[in-house]
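Here the structure is laid out as structure tokens; the discussion comes afterwards.
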There are 2 protein chains.
Amino acid sequence: MPENTKLIKHHGTKEKILKESFILFSEHGYTGTSVRKIASKVGIRESALYNHFKNKEEIFLEVAKDIFSSPFSFENENIHELALKGKMFLHKYTMQYKLLTFDKNNESMFRILLIELLQNKELREQFMNEFHNKNIKLLSEGFFVMMQNSLIRSSDPMTMSYEFLSTLFYIRLQITLMRFDSLSTTHLSTQFEKHVDFFWESIKI
Amino acid sequence: MPENTKLIKHHGTKEKILKESFILFSEHGYTGTSVRKIASKVGIRESALYNHFKNKEEIFLEVAKDIFSSPFSFENENIHELALKGKMFLHKYTMQYKLLTFDKNNESMFRILLIELLQNKELREQFMNEFHNKNIKLLSEGFFVMMQNSLIRSSDPMTMSYEFLSTLFYIRLQITLMRFDSLSTTHLSTQFEKHVDFFWESIKI
DNA sequence: GTCTATATTTGGATAGAC
DNA sequence: GTCTATCCAAATATAGAC
């Protein structure tokens with residue numbers, strides 16, 4: 001089993017660098033994180049770091065690559081079938097969104113995204129594509145099916161998706177900010193369910 | 001008119017420093033903006049800069065102070081009376097929000113806010129207070145009045161405000177990002193009106 | 001692969017002449 | 001109030017020994 005060896009490999013230095021960088025970037029952003037601090041956290045000298053990465057930017061790019069690699073949502077499931085369940089679809093979708101909001105890893109990614117949103121054009125584009133367009137497309141499909149089956153009132157599916165998604169994003173943003181200051185989010189976290197309830201009341205026939 | 005003299009004063013160095021800093025901060029954030037660059041833009045040496053401000057942070061604080069000083073919304077108007085007009089209230093409110101979104105000055109402030117949101121605790125708190133709480137409170141009053149007068153369906157005014165505001169914020173965020181890349185926002189800007197239409201359909205009786 | 005040592009650049013800030 | 005000159009610290013990065 002020589003193949004496995006590489007995977008199980010007791011966390012190599014390179015992996016540790018990525019891990020610590022990820023944490024630091026998510027707390028202080030790119031410019032706010034120095035190579036010094038990374039090396040220090042890893043437990044090696046700065047010079048040793050350059051054995052694994054060409055430079056600081058290369059570290060960031062490798063970290064950033066993962067941000068959108070963990071795909072959200074029901075890619076493998078049958079949207080059409082799910083959408084027929086009406087409110088259940090919105091609820092399930094929202095619960096996945098909520099899960100990601102509170103997932104430690106995903107939370108850090110979201111923070112990096114927020115911090116670098118205006119500094120990094122690539123992240124900005126990925127935000128638009130992965131965070132926005134992809135979700136809008138999926139939701140639109142769902143709403144379209146619901147309309148066809150007279151489960152909800154007739155309207156533009158895109159606009160409806162936009163309305164639905166924007167609130168999810170806003171809740172997530174607020175929760176992320178609160179958690180960054182270690183404030184309680186119990187009250188805010190129920191907002192997800194409230195959103196589904198309110199929205200369903202707004203569109204159901 | 002000795003009082004006026006100070007106000008009209010042909011833009012002194014201090015004012016120019018604040019102006020250029022404001023622009024630079026809104027493009028590159030706090031750490032991304034060096035004292036060197038500020039001085040260069042102003043057209044003086046760095047040392048001369050310290051004649052007007054104690055240090056870089058003091059410049060930023062003075063710039064940041066203005067971010068929330070320009071109050072949004074109908075502070076002097078009668079919410080009760082406006083709310084009685086139902087959809088008209090939401091429309092007017094949204095148009096003010098839209099105006100700020102496209103106002104150059106306000107746009108820069110919004111960008112600074114975004115960039116520093118996770119780096120600066122004070123800005124974070126101000127965001128929650130001025131951008132969120134204040135708006136939620138005002139909208140809640142409006143929705144409450146509408147409910148009392150049976151213009152809209154009964155629901156929790158706070159939740160309803162949250163739903164309404166979150167979409168406004170999301171539209172603004174997207175527009176700000178697009179404009180940062182000099183992309184066209186004509187399509188997105190109509191989203192404001194669509195939002196009002198959709199939302200009113202969702203709550204009207 | 002990691003270390004010490006060092007080069008180089010950039011950034012924030014001060015001293016003192018004019 | 002602005003300039004020149006300078007200092008100091010921090011940050012990225014490289015060279016070469018082990």
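Quick note on labels: first sequence line is chain A, next is B, and so on, each numbered from 1. Just so you know, these numbers come straight off a predicted model, no measurement behind them.
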Shortest side-chain distance from B/Glu46, nucleotide among D/dT14, D/dC3, C/dG12 = C/dG12
Distance-only, no hydrogens or angles: does the B/Thr167 side chain make a donor-acceptor pair with backbone N or O of B/Phe164 under 3.5 Å?
-> no
Applying side chain to side chain donor-acceptor pair (under 3.5 Å), run through A/His132 and B/Tyr170 and close with a yes or a no.
-> CA-CA 11 Å; A/His132 181 72; B/Tyr170 194 73; 2.7 Å; yes
Which ones in residues 17-40 of chain A lie close to DNA chain D, meaning a heavy atom under 4.0 Å from one of its atoms?
-> A/Thr33, A/Ser34, A/Val35, A/Arg36
Given atom CG of B/Leu49 and atom P of C/dG12, what is their separation to the nearest angstrom?
-> 10 Å
Which salt bridge (charged side-chain N to carboxylate O under 4.0 Å, His left out) pairs, counting each pair once, include a residue from residues 179-200 of chain A, with sequence neighbours left out?
-> A/Lys87-A/Asp197, A/Lys98-A/Glu193, A/Glu107-A/Arg179, A/Asp181-B/Arg124
Quick one: sort the B/Phe60 and B/Phe25 rings into parallel, tilted or perpendicular, breaks at 30° and 60°.
-> perpendicular
Please list, chain by chain and in numerical order, all residues satisfying side-chain hydrogen bond (donor to acceptor under 3.5 Å, both in side chains) with A/Ser202, sequence neighbours excluded.
-> B/Arg153
If we only count heavy atoms from C-beta on, is the B/Asn78 to B/Leu82 side-chain gap below 4.5 Å?
-> no
Could you name each residue pair satisfying salt bridge (charged side-chain N to carboxylate O under 4.0 Å, His left out) that touches residues 40-58 of chain B, not counting sequence neighbours?
-> B/Arg36-B/Glu46
Taking only residues two or more places apart in sequence or in another chain, which ones pass side-chain hydrogen bond (donor to acceptor under 3.5 Å, both in side chains) with B/Asp103?
-> none
For DNA chain C, which residues in residues 53-64 of chain B have a heavy atom at a distance below 4.0 Å?
-> B/Asn55, B/Lys56
With the side chain defined as heavy atoms from C-beta on, B/Ser47 is closest, among D/dT12, C/dA15, C/dA5, to C/dA15
Rounded to whole angstrom units, what separation is found between the OH atom of A/Tyr50 and the C1' atom of C/dT6?
-> 14 Å
Between P of D/dG1 and CD1 of B/Ile44, the distance in whole Å = 11 Å
